[in-house]
Amino acid sequence: MGLPVGLILGVGLLGAAAAGCGYESCPATKADMLNVHLIPHTHNDVGWLKTVDQYFYGARNDIQHAGVQYILDSVIPQLLADPTKRFIYVEVAFFYRWWRLQAESTRQAVRQLVSEGRLEFINGGWCMNDEAAAHYNAMIDQMTLGLRFLQETFGECGRPRAAWHIDPFGHSREQASLFAQMGFDGFFFGRLDYQDKANREQLREMEQIWRASASLQPPGADLFTGVLPNGYNPPLSLCWDQFCSDSPIVDDASDENNVDSLVAYFLGTAAAQAKHYRTKHIVMTMGSDFQYENANLWYKNMDKLIKHVNAQQLNGSKVHVLYSTPTCYLWELFKANLSWSLKYDDFFPYADGPHHFWTGYFTSRPAFKRYERLSNNFLQVCNQLEALAGPVARMGPYGKGDSAVLRRAMAVAQHHDAVSGTEKQHVANDYAKRLAAGWDACQVLVSNALASISGNKENFIYCNYLNISVCPLTESAGTFMVILYNPLGRRVSWNVRLPVKGASYSVTDPNGQTVPNEVVPVSNFTRAVRRDRGDATHELIFPASAPPLGYSAYTISKTASGDLRSRLAKRIREQAQPRVDAWSPREIQNEHLRVLFDPGTGLLMEIQNLDKSISLPVSQNFFWYNASIGNDDSAQASGAYIFRPNRSEPLRVAGRAHTYLVKNKLVQEVYQNFSSWCSQVVRLYAGQPYVELEWTVGPIPIADGLGKEIISRFETSLQTDGRFYTDSNGREILERRRDYRATWNLSQTEPVAGNYYPVNSRIYIKNKKFQLTVLTDRSQGGSSVADGSVELMVHRRLLYDDNRGVGEPLLEPGVYNDGLVVRGRHLVFLDTVESSADRHRLQAQQEFMAPQLVLAPGGGPSFHRGQRSLKQFSALKQALPPSIHLLTLAQWDPSSVLIRLEHQFERGESANGSQPITVDLLHLFSSFTITSLQEMNLVANQKREAMNRLNWRPATGAARRQPYPRLNPLGVTLQPMEIRTFLATIQYTGPSGGQAEL
């Protein structure tokens with residue numbers, strides 16, 4: 001595709017008029033007038049009602065008329081024809097596709113527009129990510145991917161100055177902190193609670209400074225934040241897209257001439273809006289979802305609007321209208337030199353009306369939420385092994401390995417209608433399909449890397465159905481290998497659990513030592529979930545460990561002793577019998593914990609921390625909220641976005657559970673069956689400092705015509721004073737108070753849904769002495785609706801749409817079209833308040849960066865002739881301290897890698913963990929030598945020393961920017977919650993121990 005020759009020739013002529021990009025390119029404003037910044041924009045969901053491809057190409061317009069490629073095709077000629085016009089673009093996933101289809105002449109014209117600030121990229125991530133269900137690791141990665149493309153394509157002029165989250169349904173504090181660390185000068189968003197907005201408009205606090213970290217030294221995580229006046233839509237009656245029905249501006253001699261009335265209306269609208277803002281500058285978002293397919297409609301009418309409104313200045317009007325961008329609006333606010341109030345909390349939960357709390361999506365599509373979290377885990381493993389093995393990982397004995405497929409699929413999955421669960425079902429299927437293709441490409445890469453490092457070309461097998469006890473290799477082979485790769489910077493222990501058909505096995509570790517193991521029967525719960533996908537009868541359990549950033553290889557063999565087999569089979573049969581009367585007292589126990597159950601109901605009753613002599617009554621059960629379909633108060637139904645129970649008290653799934661006990665030297669388990677669609681295993685492995693609750697829920701029955709929202713609720717005697725605590729995107733913890741908002745006087749209309757918050761990784765309650773912490777394995781909605789209680793929503797199945805655009809109920813058919821079954825884990829810690837962070841920080845890290853199991857039959861040939869076989873390997877010369885997390889190790893280009901080190905404790909939450917830590921980065925890795933090191937900002941699109949954000953003035957709590965210390969690679973110090981990012985040029989250490997140039 002090319003642009004008309006005349007337009008291309010015009011590019012060079014127009015170039016002289018602009019001073020440059022960024023703040024230099026901003027149009028002149030008038031100091032004595034109200035300046036109205038018109039921001040032409042389009043909002044392009046990276047999947048929602050249609051798939052990413054359908055949106056880009058304009059397919060399936062029977063669902064929604066939208067074609068992203070035509071938007072860019074239409075806007076560019078408009079910009080080239082007039083140097084005053086502006087346009088902003090946000091979603092790089094789409095722009096990247098469009099760019100690849102363009103002729104060089106078009107590309108050159110677009111580069112010119114970007115260099116003059118007329119086409120401006122805002123936000124710049126691959127997508128506009130969700131802020132509730134997204135994990136910080138994936139948020140950073142998707143932003144890095146988009147911003148890197150812009151940097152490499154357009155240079156410094158491609159670097160956005162403003163963040164722009166106009167559509168996500170609530171805003172997290174961690175998101176603001178990350179944006180600040182990415183170098184953004186400001187942040188604009190569209191949605192906030194209707195009560196909050198009314199209050200802010202009255203107080204003229206629509207713009208302020210968000211102090212987004214309680215740990216990082218201000219202003220490191222301070223971010224100027226503005227609330228847009230109309231969400232992200234134009235003012236009423238001023239929409240001129242082909243999808244809109246507003247009158248065009250008619251300014252010639254005609255009965256339809258409406259200039260006077262429209263100008264008067266516009267001036268009134270601008271004056272009303274200005275009352276809510278503090279400067280002589282206001283913003284109007286001129287665009288909306290998938291608008292500007294015919295950009296001429298918009299620009300022709302805005303040209304007339306600007307002309308006729310500004311002409312009124314001759315008659316004494318004090319309003320000046322101009323084409324602008326968020327960057328230029330931000331620059332004017334900065335130049336106003338005001339001091340701004342500070343915000344310390346977040347913008348959850350979001351409600352757009354009295355009974356309309358957008359807290360259902362915290363849990364919607366729970367299986368996809370888990371798959372996304374697992375995919376991030378595997379992407380980090382893939383990234384690491386690509387960096388550690390070098391070029392052979394990308395092209396080796398198993399074919400072409402490519403981490404980019406999964407990296408892009410994961411970036412798309414962060415979109416605010418993807419991981420959020422608010423898309424149509426066929427779009428959710430497409431997101432999952434993209435992730436699966438990414439796994440396939442990364443499995444080739446991981447196989448190449450493991451063969452190269454281990455010295456053996458094994459037939460590597462990836463069993464992705466282990467959670468339902470399916471793995472053909474382990475079920476059929478007499479001997480096989482288990483490679484446990486650990487992506488963390490410290491040694492990790494892990495209980496391996498594999499489906500088998502034998503009754504007796506031997507397990508040996510990398511040193512040939514025998515490892516204790518046990519064989520237990522596959523539960524009826526698991527058989528019911530897997531159906532015909534496997535037929536293993538038992539599970540082999542053994543404790544394993546892997547060194548930091550490395551692997552251990554274990555060998556498993558079926559043993560053929562007849563007597564032993566029969567004895568074991570008899571013992572297993574005995575274990576599988578439900579023990580109703582014989583099991584008394586009802587308890588399971590290991591070195592650290594004792595868990596008691598009520599003998600009458602089979603429910604959890606008490607947890608004891610034996611190390612600290614703490615005993616706490618804790619009951620746990622499953623309940624369901626009956627989803628509202630609307631009532632006299634409001635027609636609002638519960639749906640993919642909105643949680644609205646029809647009453648505040650949930651119903652029990654069952655008053656008692658049918659239970660049986662499995663007990664051996666490695667694990668003690670209570671199997672609880674609540675109903676045909678709800679079961680749980682309460683598990684204590686030997687040496688494990690937490691109680692594991694593995695729950696299986698679904699298919700949720702709907703034959704009774706009732707939508708159901710399933711919760712797991714813990715009730716304790718802790719006096720919690722209406723307070724509970726949730727994480728923000730997996731990092732810092734925020735205090736929550738029931739029926740309370742820090743920045744306005746809340747009128748609570750939904751006592752359950754209005755107290756739900758996103759739980760990305762953990763939720764806890766505490767009194768002055770003790771703390772009960774629950775870790776999740778995916779994002780879920782959670783709350784404490786009564787003192788001493790904690791609940792997490794694990795699954796939801798609804799019969800009505802909630803009227804927020806998706807247009808279908810959240811029914812999720814599942815694999816067999818009879819409803820989705822979800823299995824997951826909650827990890828429960830009971831400890832003193834002062835010791836709890838040491839527990840939950842490290843375990844939460846191990847959950848999202850879990851060891852990766854790779855299996856092989858064994859006996860494969862050598863990778864290189866004479867190469868020694870390595871059964872154990874670590875890429876680190878020494879383990880990182882527990883407080884420090886290797887957040888990123890990824891190939892950047894052929895000669896360099898991207899490294900992020902993160903301090904994973906908050907300031908003051910742990911006596912030891914919250915101390916500053918210094919790491920020798922230069923000598924950390926054994927697989928390669930770092931020959932040069934450059935510190936970067938969080939997304940690696942600016943050198944750290946070049947990062948010079950606008951310095952906003954807070955009304956209170958003034959912060960002076962500290963000079964950044966000179967980088968010393970031998971001693972990189974991290975403060976609590978600090979992430980430091982580096983680009984390292986490397987040389988690989990060859991197999992013989994010498995240096996191999998890359």
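Keep in mind that what you see is a predicted model, and the values were worked out from it rather than measured.
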Non-hydrogen atoms of [X] and [Y] that approach each other most closely:
X    : Y    : result
A753 : T359 : O-OG1, 3.3 Å
S634 : H355 : CB-CD2, 3.7 Å
S675 : V653 : OG-CG1, 3.9 Å
R741 : L746 : NH1-CD2, 3.6 Å
D633 : R644 : CB-NH2, 4.0 Å
A432 : Y371 : O-CE2, 3.6 Å

Between [X] and [Y], is any pair of side-chain heavy atoms under 4.5 Å apart?
X    : Y    : answer
V595 : L684 : yes
D130 : Y361 : yes
V670 : I588 : yes
R656 : L603 : no
I541 : V496 : no
T726 : I733 : no
Q780 : P366 : no
T720 : K766 : no

Given 3.5 Å as the limit, does a donor-acceptor pair link the side chain of [X] with the main chain of [Y], or not?
X    : Y    : value
N755 : P751 : yes
K369 : A133 : no
E131 : S172 : yes
E808 : Q425 : yes
Q846 : S493 : yes
H795 : L820 : yes
E709 : W624 : no
R531 : Y816 : no
N129 : H415 : no
N760 : S728 : no

N464: partners by side chain to side chain contact (heavy atoms under 4.5 Å, CB included), with sequence neighbours left out: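 Listed in chain order: W439, Q443, Y462.
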
Test salt bridge (charged side-chain N to carboxylate O under 4.0 Å, His left out) applied to E606 and R594, step by step: CA-CA 8 Å; E606 187 176 322; R594 180 184 294 128; over 6 Å; no

Candidate pair W48 and V806, rule side-chain contact (heavy atoms from CB on, under 4.5 Å), full reasoning: CA-CA 7 Å; W48 179 38; V806 78; 4.2 Å; yes

Pair Q620-Q672, side-chain contact (heavy atoms from CB on, under 4.5 Å): steps then yes or no: CA-CA 11 Å; Q620 183 273 337; Q672 301 172 310; 4.2 Å; yes

More than 12 heavy atoms from other groups under 6.0 Å of CG on N803: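 Atom CG in N803 is not packed in, count stays at 12 or less.
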
More than 12 heavy atoms from other groups under 6.0 Å of CD on Q719: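 Atom CD in Q719 is not crowded, with 12 or fewer foreign heavy atoms closer than 6.0 Å.
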
R713 NZ/CZ over F623 ring centroid, <6.0 Å and within 45° of normal: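 Yes, a cation-pi geometry.
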
K708 NZ/CZ over Y625 ring centroid, <6.0 Å and within 45° of normal: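 Judged by the rule (NZ or CZ under 6.0 Å from the ring centre, within 45° of its axis), K708 is not positioned above Y625.
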
Is the shortest distance from a Lys or Arg side-chain nitrogen in [X] or [Y] to a carboxylate oxygen in the other one below 4.0 Å?
X    : Y    : value
D727 : R731 : no
E372 : R778 : no
E735 : R723 : yes
R191 : D352 : no
E812 : R365 : yes
E669 : R497 : yes
R738 : D721 : no

Can you tell me how the ring of [X] sits relative to the ring of [Y], calling it parallel under 30°, perpendicular over 60° and tilted otherwise?
X    : Y    : answer
Y764 : Y725 : parallel
H826 : W695 : tilted
F169 : H416 : perpendicular

Test side-chain contact (heavy atoms from CB on, under 4.5 Å) applied to L616 and S717, step by step: CA-CA 7 Å; L616 183 68; S717 57; 3.7 Å; yes

Derivation of the side-chain contact (heavy atoms from CB on, under 4.5 Å) call for N621 and R652: CA-CA 8 Å; N621 202 350; R652 277 197 184 92; 3.6 Å; yes

Between F362 and Y756, ring centroids under 6.0 Å: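 For F362 and Y756, the ring centres are not under 6.0 Å apart.
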
Sole candidate of T526, N467, D777 that passes side chain to side chain donor-acceptor pair (under 3.5 Å) when paired with R823: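 The option that passes is T526.
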
Passing candidate, side chain to side chain donor-acceptor pair (under 3.5 Å) with H885, options Q904, R841, Q845: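 For H885, the side chain to side chain donor-acceptor pair (under 3.5 Å) check succeeds only for Q845.
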
H658 side, atom NE2; F674 side, atom CZ - distance, nearest 0.5 Å: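 Output value for this atom pair is 11.0 Å.
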
Side chain to side chain donor-acceptor pair (under 3.5 Å) against T773, all qualifying residues, sequence neighbours excluded: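 If we apply the side chain to side chain donor-acceptor pair (under 3.5 Å) test to T773, skipping adjacent residues, the hits are Q771.
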
Residues that R762 engages under side chain to side chain donor-acceptor pair (under 3.5 Å), provided they are two or more places apart: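 If we apply the side chain to side chain donor-acceptor pair (under 3.5 Å) test to R762, skipping adjacent residues, the hits are H840.
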
